[in-house]
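Accompanying notes for the structure given below.
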There are 2 protein chains.
Amino acid sequence: MAKIDDEIGVVGALVRSAFLVNAVYAESAREYGITPQQGQLLCVLMAKPYGMGELGTTLGLAKSSLTGLVDRSERNGLVRREPDPQDMRAVRVALTADGSSLAEAFYVETCRRVAELPGSLSAEESGVLASLLGRIVLDNEVPMVFLEPPESR
Amino acid sequence: MAKIDDEIGVVGALVRSAFLVNAVYAESAREYGITPQQGQLLCVLMAKPYGMGELGTTLGLAKSSLTGLVDRSERNGLVRREPDPQDMRAVRVALTADGSSLAEAFYVETCRRVAELPGSLSAEESGVLASLLGRIVLDNEVPMVFLEPPESR
DNA sequence: GTGCAGTAGTTCGCACCACGAACTGACCTG
DNA sequence: CAGGTCAGTTCGTGGTGCGAACTACTGCAC
């Protein structure tokens with residue numbers, strides 16, 4: 001009781017903060033001339049090249065959806081399909097030089113913007129938030145769709 | 001220092017938890033035979049009818065995007081366009097009876113699923129998380145894209 | 001009251017996204 | 001070497017999101 005009217009439940013807070021982060025992500029992508037999905041693809045590939053199947057499970061997409069996404073990104077020169085030397089069926093998707101620098105720029109800018117969101121939180125509160133959200137992310141086995149910014153560790 | 005390797009920064013935690021919530025939201029929508037965007041529209045309209053312009057700013061969509069979304073939802077019988085008695089140009093979008101019950105069911109189920117995500121957090125930790133995220137949501141003026149579950153207050 | 005600027009929504013054309021079903025070709029096991 | 005499986009692609013369908021151009025109504029200026 002005695003909650004002021006600004007009080008919010010965990011569920012609402014999670015859903016609405018997700019909405020907020022999406023909007024920031026989308027706007028950032030837009031300014032770099034890519035779609036949010038392409039941005040996501042680039043961010044995943046920053047870590048290492050992936051096979052199509054792997055990418056599908058990481059991004060939560062069907063195989064056929066991925067073919068198109070990679071096609072378009074390849075057409076834009078951001079990504080390259082390399083043959084897998086071990087398996088003639090398989091393909092390894094990797095960033096091109098252009099893709100790599102765009103990914104880096106997009107990633108850094110997106111980090112910057114997301115980092116501004118908790119502006120009013122103290123460093124300590126940010127730490128608490130990170131650790132609680134981090135547990136949710138780990139417990140639910142959220143794939144590595146976003147690298148850890150090195151300076152934040 | 002002395003951080004174990006599972007440690008995560010705020011930025012990564014926010015982005016990845018958003019990814020997680022999206023996935024849950026999308027899967028829930030899927031099971032109710034609607035797209036996430038339509039689900040979002042229904043959730044917003046649960047609170048009250050909206051004009052198209054209002055809806056655009058709330059959902060962060062361009063006018064023209066909204067026309068289509070409302071068209072499709074109307075075609076599915078979930079939503080209705082009512083004339084605004086005050087202004088002959090304007091329109092009020094409201095849930096139909098079908099839309100209202102679908103919205104309610106979708107909303108409840110989505111809440112249930114999102115509520116499971118922080119499963120390993122104690123009640124107290126959940127409270128802390130809610131209040132920190134709540135401040136982010138308030139500070140950044142995230143629109144009411146999701147009602148507050150009554151029982152969580 | 002007439003005229004005109006601004007507002008609410010729609011239309012159109014475009015590119016993208018996501019899916020399932022059906023398919024191709026390489027792998028592998030018996 | 002035959003049949004099953006696995007990686008990816010193709011195809012068709014429907015939904016999404018945008019900007020530019022458009023229609024129709026509102027409201028203010030005069």
Side-chain angles (χ1 to χ4, degrees), chain A residues 19 22-42 44 49-94 145, chain B residues 19 22-42 44 49-94 145:
Chain A
F19 182 86
N22 280 340
V24 168
Y25 200 96
E27 191 190 337
S28 183
R30 190 174 178 72
E31 293 188 14
Y32 282 89
I34 55 179
T35 64
Q37 291 83 354
Q38 287 168 2
Q40 192 121 69
L41 176 62
L42 295 188
V44 167
Y50 276 75
M52 295 293 280
E54 252 177 319
L55 269 182
T57 57
T58 302
L59 294 176
L61 295 177
K63 303 186 295 178
S64 53
S65 312
L66 219 46
T67 300
L69 181 56
V70 171
D71 281 351
R72 290 183 293 272
S73 308
E74 194 170 29
R75 180 154 44 71
N76 292 353
L78 303 176
V79 131
R80 184 177 39 218
R81 269 182 250 241
E82 299 171 343
D84 181 329
Q86 314 298 316
D87 185 341
M88 275 314 157
R89 307 168 287 185
V91 148
R92 274 181 16 199
V93 184
V145 286
Chain B
F19 182 86
N22 281 341
V24 167
Y25 200 96
E27 192 190 337
S28 183
R30 192 174 177 72
E31 293 185 13
Y32 283 88
I34 55 180
T35 64
Q37 290 82 354
Q38 287 167 2
Q40 193 121 70
L41 177 62
L42 295 187
V44 167
Y50 276 75
M52 296 291 281
E54 253 178 320
L55 269 181
T57 56
T58 302
L59 293 175
L61 295 177
K63 303 185 296 178
S64 54
S65 311
L66 217 47
T67 300
L69 181 56
V70 172
D71 280 352
R72 289 182 294 274
S73 307
E74 194 169 32
R75 182 152 44 72
N76 291 354
L78 303 175
V79 131
R80 185 177 38 217
R81 268 182 249 240
E82 300 171 343
D84 181 330
Q86 312 300 317
D87 186 341
M88 275 313 159
R89 305 167 289 185
V91 149
R92 277 183 14 200
V93 183
V145 287

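Sequence lines set the chain letters: A, B, ... in the order given, protein chains first and strands last, and positions in each chain run from 1.
DNA chain C is contacted by both B:Arg92 and A:Gly68; B:Arg92 maps to the nucleotide lying nearer its 5′ end (nearest heavy atom per residue). Comparing A:Gly60 and A:Asp87 by the nucleotide of DNA chain C whose heavy atom lies nearest to each, the residue mapping closer to the 5' end is A:Gly60. The residue among B:Met88 and A:Asp71 whose nearest nucleotide of DNA chain D is located toward the 5' end is A:Asp71.
Look at A:Arg30 and you'll find a side-chain N or O under 4.0 angstrom from OP1 or OP2 of D:dG19. The phosphate of D:dT9 has OP1 or OP2 within less than 4.0 Å of a side-chain N or O from A:Arg81.
Per the geometry, CG belonging to B:Leu41 stands 14 Å off P belonging to D:dG15, to the nearest Å. Across the protein-nucleic acid pair, B:Glu74 atom CD and D:dG15 atom P stand 14 Å apart, rounded to whole Å. Spacing between atom CE of A:Met52 and atom C1' of D:dT9 amounts to 8 Å, rounded to whole angstrom units. Taking atom CD of A:Glu54 as the reference point, atom P of D:dG8 lies 9 Å away to the nearest angstrom. In this entry the distance linking CZ of A:Arg89 with P of D:dG4 reads 16 Å, nearest Å. Remark: C1' of D:dA7 and CD of A:Glu82 are 16 Å apart, rounded to the nearest angstrom. Rounded to whole Å, the distance from OH on A:Tyr25 to C1' on D:dG17 is 18 Å. Distance CG (A:Leu66) to P (D:dG8): 9 Å, rounded to an integer number of Å.
The two residues B:Thr58 and B:Tyr50 come nearest to each other via the heavy atoms OG1-CE2, 3.7 Å.
Rounded to the nearest 0.5 angstrom, A:Gln37 CD and A:Leu42 CG are separated by 11.5 Å. Atoms CZ and CD, from B:Arg81 and B:Glu74 in turn, are 4.5 Å apart once rounded to the nearest 0.5 Å. Here A:Met52 contributes atom CE and A:Arg89 contributes atom CZ; the two are 14.5 Å apart, rounded to the nearest 0.5 Å. To the nearest 0.5 angstrom, B:Ile34 atom CD1 is 13.0 Å from B:Arg72 atom CZ. With rounding to the nearest 0.5 Å, the separation of OG in A:Ser73 from CG in A:Leu66 is 9.0 Å. Put simply, CG on B:Leu59 and CG on B:Leu69 are 7.5 Å apart, with the number rounded to the nearest 0.5 Å.
Residue contacts shown for B:Leu69 are limited to sugar-phosphate atoms, with no base heavy atom under 4.0 Å away. Contact annotation for B:Gly53: backbone-only contact, meaning every heavy-atom pair under 4.0 Å involves sugar-phosphate atoms and none involves a base. As judged by a 4.0 angstrom heavy-atom cut-off over every strand, B:Arg75 is placed among residues touching the sugar-phosphate backbone only. Using a 4.0 Å heavy-atom criterion, one finds that B:Thr35 contacts the sugar-phosphate atoms exclusively. Counting any heavy atom pair closer than 4.0 Å across all strands shown, A:Asp84 reaches no nucleic acid atom.
You can see that DNA chain C meets the heavy atoms of chain A within a 4.0 Å-exclusive cut from C:dC16 to C:dC27, reading 5' to 3'.
Counting atom types as modelled, B:Ser64 pairs a side-chain N or O with a base atom of D:dG19 as donor and acceptor under 3.5 Å.
Between the A:Asn76 side chain and the A:Leu78 main chain, no donor and acceptor come within less than 3.5 Å of each other.
Taking five base pairs at each end of the helix from C:dG1-D:dC30 to C:dG30-D:dC1, the local helix axes there meet at an angle of 10°, rounded to 10°.
For B:Arg72, counting side-chain heavy atoms from C-beta on, the closest listed nucleotide (D:dT9, D:dT16, D:dA7) is D:dT16.
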